[in-house]
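Predicted, not measured: the structure shown is a model, and the values here were computed from it. Order of the sequence lines fixes the chain letters, A, B, ..., with proteins taken first and strands second; residue numbering starts at 1 for each chain.
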2 protein chains.
Amino acid sequence: MENKKAISVLAALAQETRLDIFRLLVRAGQEGMAAGAIGDALGIPAATLSFHLKELKNAGTVRCHREGRSLIYRADFGTMTAFLSFLTENCCQGVNGESSRTKKRGACC
Amino acid sequence: MENKKAISVLAALAQETRLDIFRLLVRAGQEGMAAGAIGDALGIPAATLSFHLKELKNAGTVRCHREGRSLIYRADFGTMTAFLSFLTENCCQGVNGESSRTKKRGACC
DNA sequence: TCTATATTTCTATAATATTAGAAATATGGA
DNA sequence: TCCATATTTCTAATATTATAGAAATATAGA
(Lines give C-alpha, C1' and ligand atoms only; values in the text may rest on other atoms or scores of the structure.)
Protein backbone atom coordinates (compact mmCIF):
# COMPACT_ATOMS: atom_id res chain seq x y z
CA MET A 1 0.00 0.00 0.00
CA GLU A 2 1.40 3.37 -0.96
CA ASN A 3 1.33 6.59 1.02
CA LYS A 4 -1.68 8.19 -0.63
CA LYS A 5 -3.84 5.13 -0.21
CA ALA A 6 -2.88 4.85 3.46
CA ILE A 7 -3.78 8.50 4.00
CA SER A 8 -7.19 7.94 2.42
CA VAL A 9 -7.84 5.00 4.77
CA LEU A 10 -6.70 7.06 7.77
CA ALA A 11 -8.91 9.98 6.72
CA ALA A 12 -11.88 7.69 6.12
CA LEU A 13 -11.69 6.30 9.67
CA ALA A 14 -10.69 9.59 11.35
CA GLN A 15 -14.28 10.75 11.70
CA GLU A 16 -16.62 9.72 14.47
CA THR A 17 -19.66 8.89 12.32
CA ARG A 18 -17.59 6.96 9.80
CA LEU A 19 -15.71 5.03 12.46
CA ASP A 20 -19.09 4.13 13.98
CA ILE A 21 -20.35 2.96 10.59
CA PHE A 22 -17.21 0.98 9.93
CA ARG A 23 -17.25 -0.70 13.32
CA LEU A 24 -20.92 -1.56 12.91
CA LEU A 25 -20.07 -3.22 9.59
CA VAL A 26 -17.20 -5.10 11.20
CA ARG A 27 -19.63 -6.46 13.79
CA ALA A 28 -22.10 -7.32 11.03
CA GLY A 29 -19.42 -9.44 9.38
CA GLN A 30 -19.74 -11.11 5.99
CA GLU A 31 -23.50 -10.71 5.67
CA GLY A 32 -23.12 -6.94 5.85
CA MET A 33 -25.92 -4.43 6.33
CA ALA A 34 -28.24 -2.43 4.07
CA ALA A 35 -27.63 1.33 4.04
CA GLY A 36 -31.04 1.93 5.59
CA ALA A 37 -30.33 -0.48 8.45
CA ILE A 38 -27.07 1.35 9.16
CA GLY A 39 -28.90 4.67 9.22
CA ASP A 40 -31.55 3.27 11.56
CA ALA A 41 -28.95 1.75 13.88
CA LEU A 42 -26.94 4.94 14.17
CA GLY A 43 -29.64 7.57 13.65
CA ILE A 44 -28.06 9.24 10.64
CA PRO A 45 -30.12 11.09 7.97
CA ALA A 46 -30.02 9.32 4.60
CA ALA A 47 -28.11 12.02 2.73
CA THR A 48 -25.49 12.30 5.45
CA LEU A 49 -25.12 8.54 5.63
CA SER A 50 -24.73 8.29 1.88
CA PHE A 51 -21.98 10.91 1.97
CA HIS A 52 -20.04 8.98 4.61
CA LEU A 53 -20.57 5.61 2.93
CA LYS A 54 -19.11 7.08 -0.24
CA GLU A 55 -16.06 8.31 1.67
CA LEU A 56 -15.57 4.86 3.21
CA LYS A 57 -16.05 3.22 -0.18
CA ASN A 58 -13.63 5.56 -1.98
CA ALA A 59 -10.99 4.71 0.58
CA GLY A 60 -11.63 1.01 -0.02
CA THR A 61 -12.61 0.32 3.58
CA VAL A 62 -16.07 -0.94 2.58
CA ARG A 63 -17.65 -2.52 -0.47
CA CYS A 64 -21.28 -2.76 -1.52
CA HIS A 65 -23.57 -4.73 -3.79
CA ARG A 66 -27.21 -4.39 -4.62
CA GLU A 67 -29.83 -6.82 -3.33
CA GLY A 68 -33.22 -5.84 -4.66
CA ARG A 69 -33.91 -2.29 -3.59
CA SER A 70 -31.23 -2.33 -0.92
CA LEU A 71 -27.51 -1.72 -1.15
CA ILE A 72 -25.67 -4.06 1.18
CA TYR A 73 -22.45 -2.70 2.65
CA ARG A 74 -19.63 -4.80 4.08
CA ALA A 75 -16.27 -3.99 5.65
CA ASP A 76 -13.38 -4.73 3.28
CA PHE A 77 -10.93 -6.74 5.35
CA GLY A 78 -8.44 -7.00 2.50
CA THR A 79 -7.90 -3.26 2.57
CA MET A 80 -7.57 -3.35 6.34
CA THR A 81 -4.95 -6.09 6.17
CA ALA A 82 -2.87 -4.05 3.73
CA PHE A 83 -3.39 -0.93 5.82
CA LEU A 84 -2.21 -2.62 9.02
CA SER A 85 0.87 -3.87 7.18
CA PHE A 86 1.57 -0.34 6.02
CA LEU A 87 1.28 0.96 9.58
CA THR A 88 3.53 -1.66 11.13
CA GLU A 89 6.08 -1.26 8.33
CA ASN A 90 6.08 2.49 8.71
CA CYS A 91 5.78 2.93 12.43
CA CYS A 92 7.89 0.07 13.74
CA GLN A 93 10.91 -0.05 11.49
CA GLY A 94 14.00 2.00 12.12
CA VAL A 95 13.60 2.02 15.89
CA ASN A 96 16.80 2.22 17.99
CA GLY A 97 18.82 3.29 14.99
CA GLU A 98 18.15 0.14 13.01
CA SER A 99 18.39 0.36 9.26
CA SER A 100 15.01 0.73 7.58
CA ARG A 101 15.90 -2.31 5.51
CA THR A 102 15.90 -4.66 8.49
CA LYS A 103 12.57 -6.38 8.72
CA LYS A 104 12.64 -7.03 12.45
CA ARG A 105 9.80 -5.70 14.54
CA GLY A 106 10.55 -2.47 16.39
CA ALA A 107 9.44 -1.07 19.73
CA CYS A 108 5.77 -0.65 18.95
CA CYS A 109 4.64 -3.96 17.53
CA MET B 1 -7.55 3.07 23.93
CA GLU B 2 -10.99 4.58 23.62
CA ASN B 3 -12.77 5.77 20.50
CA LYS B 4 -11.95 9.46 20.79
CA LYS B 5 -8.28 8.86 21.31
CA ALA B 6 -8.14 6.52 18.31
CA ILE B 7 -9.84 9.14 16.15
CA SER B 8 -7.30 11.74 17.20
CA VAL B 9 -4.44 9.39 16.22
CA LEU B 10 -6.11 8.62 12.89
CA ALA B 11 -6.67 12.33 12.21
CA ALA B 12 -3.10 13.17 13.19
CA LEU B 13 -1.69 10.74 10.65
CA ALA B 14 -4.32 11.37 7.95
CA GLN B 15 -2.46 14.34 6.53
CA GLU B 16 0.41 14.14 4.09
CA THR B 17 2.77 16.57 5.82
CA ARG B 18 2.13 15.06 9.23
CA LEU B 19 2.54 11.50 8.01
CA ASP B 20 5.85 12.58 6.44
CA ILE B 21 6.94 14.13 9.74
CA PHE B 22 5.91 11.08 11.71
CA ARG B 23 7.67 8.67 9.37
CA LEU B 24 10.82 10.79 9.48
CA LEU B 25 10.73 10.58 13.28
CA VAL B 26 10.22 6.83 13.12
CA ARG B 27 13.33 6.56 10.96
CA ALA B 28 15.20 8.87 13.35
CA GLY B 29 14.40 6.44 16.18
CA GLN B 30 15.16 7.04 19.85
CA GLU B 31 17.53 9.96 19.30
CA GLY B 32 14.75 11.94 17.64
CA MET B 33 15.15 15.16 15.67
CA ALA B 34 15.08 18.87 16.42
CA ALA B 35 12.11 20.77 14.99
CA GLY B 36 14.44 22.79 12.77
CA ALA B 37 16.05 19.63 11.36
CA ILE B 38 12.60 18.25 10.52
CA GLY B 39 11.70 21.50 8.76
CA ASP B 40 14.96 21.43 6.80
CA ALA B 41 14.52 17.80 5.83
CA LEU B 42 10.98 18.27 4.59
CA GLY B 43 11.06 21.90 3.46
CA ILE B 44 8.26 23.12 5.72
CA PRO B 45 8.03 26.75 6.98
CA ALA B 46 8.58 27.03 10.73
CA ALA B 47 5.05 28.16 11.61
CA THR B 48 3.44 25.45 9.52
CA LEU B 49 5.75 22.83 10.99
CA SER B 50 4.96 23.97 14.52
CA PHE B 51 1.24 23.69 13.81
CA HIS B 52 1.60 20.11 12.61
CA LEU B 53 3.95 19.10 15.43
CA LYS B 54 1.35 20.34 17.88
CA GLU B 55 -1.32 18.24 16.19
CA LEU B 56 0.91 15.17 16.35
CA LYS B 57 1.76 15.89 19.98
CA ASN B 58 -1.86 16.44 21.03
CA ALA B 59 -2.72 13.06 19.55
CA GLY B 60 0.12 11.48 21.52
CA THR B 61 1.92 10.23 18.42
CA VAL B 62 5.08 12.21 19.25
CA ARG B 63 6.75 13.58 22.36
CA CYS B 64 9.32 16.33 22.75
CA HIS B 65 11.88 17.62 25.20
CA ARG B 66 14.13 20.63 25.17
CA GLU B 67 17.87 20.36 24.59
CA GLY B 68 19.41 23.80 24.78
CA ARG B 69 17.72 25.97 22.22
CA SER B 70 16.27 23.02 20.32
CA LEU B 71 13.15 20.99 20.92
CA ILE B 72 13.80 17.35 20.14
CA TYR B 73 10.84 15.41 18.82
CA ARG B 74 10.48 11.64 18.90
CA ALA B 75 7.81 9.20 17.76
CA ASP B 76 5.81 7.80 20.70
CA PHE B 77 5.75 4.07 20.12
CA GLY B 78 3.64 3.42 23.19
CA THR B 79 0.75 5.30 21.65
CA MET B 80 1.25 3.45 18.37
CA THR B 81 1.17 0.08 20.15
CA ALA B 82 -2.12 0.96 21.80
CA PHE B 83 -3.48 2.34 18.55
CA LEU B 84 -2.62 -0.83 16.61
CA SER B 85 -4.33 -2.90 19.32
CA PHE B 86 -7.41 -0.73 18.98
CA LEU B 87 -7.45 -1.23 15.22
CA THR B 88 -7.02 -4.98 15.33
CA GLU B 89 -9.61 -5.29 18.10
CA ASN B 90 -12.09 -3.17 16.20
CA CYS B 91 -11.57 -4.26 12.64
CA CYS B 92 -10.90 -7.97 13.03
CA GLN B 93 -13.44 -9.18 15.56
CA GLY B 94 -16.87 -10.35 14.59
CA VAL B 95 -15.86 -11.64 11.19
CA ASN B 96 -17.91 -14.51 9.72
CA GLY B 97 -20.65 -14.02 12.26
CA GLU B 98 -18.42 -14.75 15.25
CA SER B 99 -19.43 -13.27 18.55
CA SER B 100 -17.65 -10.03 19.32
CA ARG B 101 -16.60 -11.58 22.64
CA THR B 102 -14.39 -14.20 20.98
CA LYS B 103 -10.83 -13.01 20.98
CA LYS B 104 -9.71 -15.01 17.97
CA ARG B 105 -8.19 -13.14 15.07
CA GLY B 106 -10.53 -12.43 12.19
CA ALA B 107 -10.09 -12.24 8.43
CA CYS B 108 -7.91 -9.17 8.30
CA CYS B 109 -5.13 -9.82 10.78
C1' DT C 1 23.10 42.83 29.04
C1' DC C 2 23.00 42.39 24.14
C1' DT C 3 22.60 39.54 20.15
C1' DA C 4 21.71 35.49 17.48
C1' DT C 5 19.32 31.16 17.15
C1' DA C 6 15.29 28.02 17.74
C1' DT C 7 10.74 27.61 18.07
C1' DT C 8 6.14 28.88 19.21
C1' DT C 9 1.92 31.67 19.20
C1' DC C 10 -0.96 35.05 16.90
C1' DT C 11 -3.48 36.26 13.06
C1' DA C 12 -5.82 36.21 8.74
C1' DT C 13 -6.68 33.88 4.60
C1' DA C 14 -7.57 29.97 1.84
C1' DA C 15 -8.89 25.28 1.29
C1' DT C 16 -11.49 21.24 2.53
C1' DA C 17 -15.00 18.62 4.91
C1' DT C 18 -19.57 17.98 7.05
C1' DT C 19 -24.46 18.44 7.32
C1' DA C 20 -28.97 17.69 5.70
C1' DG C 21 -33.18 19.14 2.84
C1' DA C 22 -34.92 18.55 -1.68
C1' DA C 23 -34.85 16.41 -6.02
C1' DA C 24 -33.42 12.57 -8.83
C1' DT C 25 -32.59 7.60 -9.78
C1' DA C 26 -33.29 2.59 -9.34
C1' DT C 27 -35.97 -1.43 -8.11
C1' DG C 28 -39.94 -4.39 -7.21
C1' DG C 29 -44.63 -5.34 -7.00
C1' DA C 30 -49.79 -4.41 -7.77
C1' DT D 1 -47.88 1.65 -15.94
C1' DC D 2 -48.23 3.45 -11.41
C1' DC D 3 -46.84 3.60 -6.73
C1' DA D 4 -43.97 2.80 -2.66
C1' DT D 5 -39.42 1.93 -1.00
C1' DA D 6 -34.32 2.46 -0.91
C1' DT D 7 -30.74 5.15 -1.79
C1' DT D 8 -28.04 8.51 -4.17
C1' DT D 9 -26.89 13.08 -6.09
C1' DC D 10 -27.48 18.03 -5.97
C1' DT D 11 -27.08 22.10 -3.51
C1' DA D 12 -26.03 25.50 -0.19
C1' DA D 13 -24.90 26.63 4.35
C1' DT D 14 -21.76 25.82 8.18
C1' DA D 15 -17.75 24.16 10.39
C1' DT D 16 -13.13 22.63 10.58
C1' DT D 17 -8.36 22.43 9.06
C1' DA D 18 -4.14 24.07 6.77
C1' DT D 19 -0.96 27.69 5.42
C1' DA D 20 2.45 30.94 6.40
C1' DG D 21 4.00 35.88 7.63
C1' DA D 22 4.88 38.56 11.63
C1' DA D 23 5.45 39.04 16.40
C1' DA D 24 6.51 36.89 20.78
C1' DT D 25 9.11 33.70 23.83
C1' DA D 26 13.05 30.91 25.36
C1' DT D 27 17.85 29.78 25.49
C1' DA D 28 22.87 30.24 24.96
C1' DG D 29 26.92 32.62 24.50
C1' DA D 30 29.89 36.94 24.00
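The separation between B:L71 atom CG and C:dT7 atom P is 6 Å, rounded to whole Å. Atom C1' of nucleotide C:dG21 and atom CD1 of A:I44 are separated by 17 Å, given to the nearest angstrom. In this structure, A:I7 atom CD1 and D:dA18 atom C1' are separated by 14 Å, rounded to whole Å. In this entry the distance linking CD of A:E67 with P of C:dT27 reads 14 Å, nearest Å. Between B:D20 atom CG and D:dA18 atom C1' the separation is 15 Å, expressed in whole Å. Distance A:R66 CZ to C:dT25 C1': 9 Å, rounded to the nearest Å. The NZ-C1' distance, from A:K54 to D:dT11, rounds to 13 Å in whole Å. Spacing between atom NE2 of B:H65 and atom C1' of D:dA26 amounts to 16 Å, rounded to whole angstrom units.
Atom-to-atom distance recorded for B:F83:CZ and B:L13:CG is 6.5 Å, nearest 0.5 angstrom. Taken to the nearest 0.5 Å, the CG atom of A:L87 stands 5.5 Å off from the CE atom of B:M80. Atoms CZ and CZ, on A:F51 and A:R18 in that order, are 6.0 Å from each other to the nearest 0.5 Å. Annotation: the span from B:I7 atom CD1 to B:F86 atom CZ amounts to 7.5 Å, rounded to 0.5 Å.
Set against D:dA20, D:dT8, C:dT7, the side chain of A:Y73 has D:dT8 as its closest nucleotide. When the nucleotides D:dT7, D:dT9, C:dT9 are ranked by their closest atom to the side chain of A:S70, D:dT7 comes out on top. The side chain of B:Q15 sits closest to D:dT19 out of D:dT19, D:dT7, D:dA4. Comparing C:dT7, D:dT8, D:dT9 by their closest approach to the side chain of B:A35 singles out C:dT7. The side chain of B:A46 approaches C:dT8 more closely than any other nucleotide in the set D:dT8, C:dT8, D:dT7.
Comparing A:A47 and A:R69, the nucleotide of DNA chain D nearest to each residue sits closer to the 5' end for A:R69.
The salt bridge (Lys or Arg N to Asp or Glu O under 4.0 Å) search around B:R63 returns B:D76, not counting sequence neighbours.
Between D:dT19 and B:H52, a contact under 4.0 Å exists linking OP1 or OP2 to a side-chain N or O.
Here A:T48 lies in heavy-atom contact (under 4.0 Å) with a base.
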